[in-house]
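In what follows, a single structure is set out as structure tokens and then discussed.
Atoms within a ligand are numbered from 1 in the order they appear, just like the ligands themselves. The analysis underlying the following values was restricted to heavy atoms, covering all of them including side chains, and did not include hydrogens, waters or symmetry mates.
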Amino acid sequence: MAEFPADFLFGAATSSHQVEGDNRNNDWWEYEQAGMMPFESGLGCDHYNRYAEDFDLAQSWGHNCHRLSVEWSRIEPREGEWDESALLHYVDVFEALRQRNIEPIVTLNHFTLPAWFLRRGGWTAKDAPAIFARFAGRFVQQAGESVSNWLTINEPTVYVQQAYINAAWPPLKTRSWLAAMQALRNLARAHTLSHAEIKRADPDAIVGFAHSAIDVQPCNPQRFADRSTSAVRNFVLNRLFFRMLGMRPGRRDSNQRNLDYVAINYYTRCCVSAGPFGPSWLIGRACKLDHHANSGSRSSIGWEMYPMGLAKVLQQFSLYGLPMLVSENGIATNDDELRCRFLGEHLRVISDALADGKNILGYVHWSLFDNFEWHHGYAARFGLAEVDFETLERRARPSAALFSQVCRERHVQDI
Ligand code: IFM
């Protein structure tokens, strides 16, 4: 039987644009209204108004932490103009969690940007890091009293890929390699500056950023070319951003300067084969996986279930010598039995890692309930609770009960 310590954090995550609804001042909304995105977020899950009942659900399931993000475009709808009612809203949201004995883990930027910020160049603008840090400092000072666990930015490497390489998210750029590098560098700087601002406001706070970790493997380990491209891809996807923060595996003292813990969002693996010569030759091509004998079940958006990869990324990121938090992990599926299996297998990997001496603070499942899955719209169902998008009614899935049992009993049985 796999065990978890009494102070281990167990909870679920959401993000503002995916659940709040009616986020009219951000880049996504602008692009959605202009017909440039495949789906519209609309009313979302109306979490902006229903947060109290949603937190009742989390409390009833025994969650002791909850990860959510604040919507910068509500708080600063025009450059330099602050909306008091939005600030007070988030103060109430954090208080509502505290009243339920749920520790808030708050992300300051989860992909969406105020429309004005994107118009002036988004993350590629020279002064973007300073502007974000100004927002972070002011928000934490004015609304952050009941929060002591912050994540500055969600998945910077995913953001730059989707926004500047794949043309999937605003500003819909294709293969703009230079802009992508500029944005990534500015995101790293934004993290460092806002980390300092948060610490100035609350020296006891713990501050990280959420990293999208992927287990990168060579498609054919016997082929030198596959091994080389997979090493390069692993560096680009898993280590480059940490390097931009000045972090090196194995150097705890210098690593602690701008990061208090490593937050890992883990979903799947990627097998890489060397491709034909071209701009992306160095990072190779992700193979389709079907020809791998050990290929696992797929989510409704095609991601392979691969719990062993979580063990590998926990090992890889433990080398930074900081505590780790699994800040997202979940599966898009309508088959809740598969979700139960996914949960059980990933939780067992975490408890094995704990038994092996790894310093893991907690596990946060993505997501509390079904929500707006970006360019996949509302069809990708990640929730512990199902949402009926006609009535907005939430219905707990069996996986919510299974996870609840783990949260309460602090162990996971074989499923
Ligand atoms: O829904 C997203 C989330 O916004 C960031 N991490 C991955 C999730 C599933 O795709």
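- Taking 4.5 Å as the limit, some side-chain heavy atom of Arg243 sits within range of a side-chain heavy atom of Phe235.
- At a heavy-atom distance under 4.0 Å, only side-chain atoms of Trp303, from C-beta outward, approach ligand 1.
- Within the cation-pi definition used here (under 6.0 Å to the ring centroid, within 45° of the axis), Arg269 qualifies as a partner of Tyr306.
- Annotation: Ser15 places no N or O atom under 3.5 Å from an N or O atom of ligand 1; distance criterion only.
- Here the protein heavy atom with the shortest distance to atom 8 (C) of ligand 1 is Tyr267 OH, 3.4 Å.
- For residues 30-47, the side chain to side chain donor-acceptor pair (under 3.5 Å) pairs, not counting sequence neighbours, are His17-Glu32, His17-Ser41, Glu30-Arg119, Glu32-Ser41, Asp46-Asn49, Asp46-Arg50, His47-Asp54.
- If you check which protein heavy atom lies closest to atom 7 (C) of ligand 1, you get Glu328 OE1, 3.2 Å.
- The protein atom (non-hydrogen) at minimum distance from atom 1 (O) of ligand 1 is Glu373 OE1, 2.6 Å.
- Nearest to atom 3 (C) of ligand 1 among the protein's heavy atoms is His110 NE2, 3.5 Å.
- Ring geometry for Phe139 versus Trp150: interplanar angle over 60°, hence perpendicular rather than tilted (30 to 60°).
- Under the 4.0 Å criterion applied to side-chain N and carboxylate O atoms, Asp356 and Lys358 are assigned as salt-bridge partners.
- Electrostatic pairing of Arg394 and Asp370 does not count as a salt bridge here, judged by no charged N lying under 4.0 Å from a carboxylate O.
- Atom numbering of ligand 1 starts at 1 in the shown order; those under 4.0 Å from a heavy atom of Asn154 are 5 (C).
- Between Arg339 and Glu337 there is no salt bridge, since no side-chain nitrogen of the basic residue lies less than 4.0 Å from a carboxylate oxygen of the acidic one.
- Ligand 1 places these atoms under 4.0 Å from at least one heavy atom of Phe111: 4 (O), 5 (C).
- At a 4.0 Å heavy-atom cut-off, ligand 1 does not touch Val158 at all.
- Set against the non-hydrogen atoms of Glu155, the atoms of ligand 1 under 4.0 Å away are 5 (C), 6 (N), 7 (C).
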